[in-house]
Amino acid sequence: MFVAAYSETGLAGLEFPTAVGSARRADSRDAGQRGVPTNSIRRWHEITVKALKTALTGRTPVGLPPLDMSSGTAFQRRVWSALRKIRPGQTRSYAEVANAIGRPRSARAVGGACGANPIPVLIPCHRVVSANGGLGGFSAGLKWKRLLLAREGIQLD
DNA sequence: GGACGTTTCTATG
DNA sequence: CATAGAAACGTCC
């Protein structure tokens, strides 16, 4: 079961279920937020669930809820924006992402930004792999990374 | 300072 | 060619 968290601005975070098997259904619910209009949350959440389901089947979500990335630094937001441009079935290396945001030598820092990504799946940090063909790492668990990539038909070699 | 979800550039054999 | 160091980035402890 996924848990979505919303702020005044939009979707602020997605919490992964720890066990892969328990997430067959792209179900989720909102974690109660204070001071955010309920109707906004309901609207965002509806979009979120839909987008999440779509993303989990390896396709590009038609619409995304507003994403609140205010928790991140300027660098991280640049990384996350670049990440959202990666289409399903494609992968990028950490270096390519670093290059895409104009910091060619920051591949490693990109890894850090990915790990800090508050919204997995919708911000496809799992499509970022090592340049040598390896998986790289994944904070939420490599199982997830493998599963998500497999969902999109990506060969892992 | 040290450690990371990395890469790339220099040696050295 | 294969292997080993080292340096560079941004963030957190």
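Below, chain A is the first sequence line, B the second, and so on; all start at residue 1.
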Worksheet entry | Watson-Crick or G-U wobble partner of dG10(C), both distances under 3.5 Å | dC4(B)

Practice prompt. Select base, sugar-phosphate, or nothing to describe what Gly115(A) touches, counting heavy atoms under 4.0 Å on all strands.
Written response: base

Discussion item. So Val110(A), base contact, sugar-phosphate only, or nothing? Heavy-atom distance under 4.0 Å.
Written reply: nothing

Item to complete: Send over the distance from Phe138(A) CZ to dT6(B) P, rounded to a whole Å.
Response: 14 Å

Practice prompt. With the side chain of Gln76(A) defined as its heavy atoms from C-beta on, choose the nearest nucleotide among dT11(C), dT6(B), dC9(C).
Written response: dT11(C)

Practice prompt. Can you tell me the pairing partner of dC1(C) across any strand shown, Watson-Crick or G-U wobble, with both distances under 3.5 angstrom?
Written response: dG13(B)

Worksheet item: What do you reckon, are the aromatic ring centroids of Phe138(A) and Trp144(A) less than 6.0 Å apart?
Response: no

Worksheet entry | Arg108(A) CZ - dC12(C) P separation (whole Å) | 16 Å

Item to complete: Return the value, rounded to whole Å, for the distance between atom CZ of Arg103(A) and atom P of dT11(C).
Response: 10 Å

Discussion item. Counting the atoms with a prime plus P, OP1 and OP2 as sugar-phosphate, which does Ser139(A) contact under 4.0 Å by heavy atoms, base, sugar-phosphate, or nothing?
Written reply: base

Practice prompt. Describe the nucleic acid contact of Phe75(A) in one word from base, sugar-phosphate, nothing, applying a heavy-atom distance below 4.0 Å.
Written response: sugar-phosphate

Worksheet item: Between dT8(B) atom C1' and Asn132(A) atom CG, what is the distance in whole Å?
Response: 12 Å

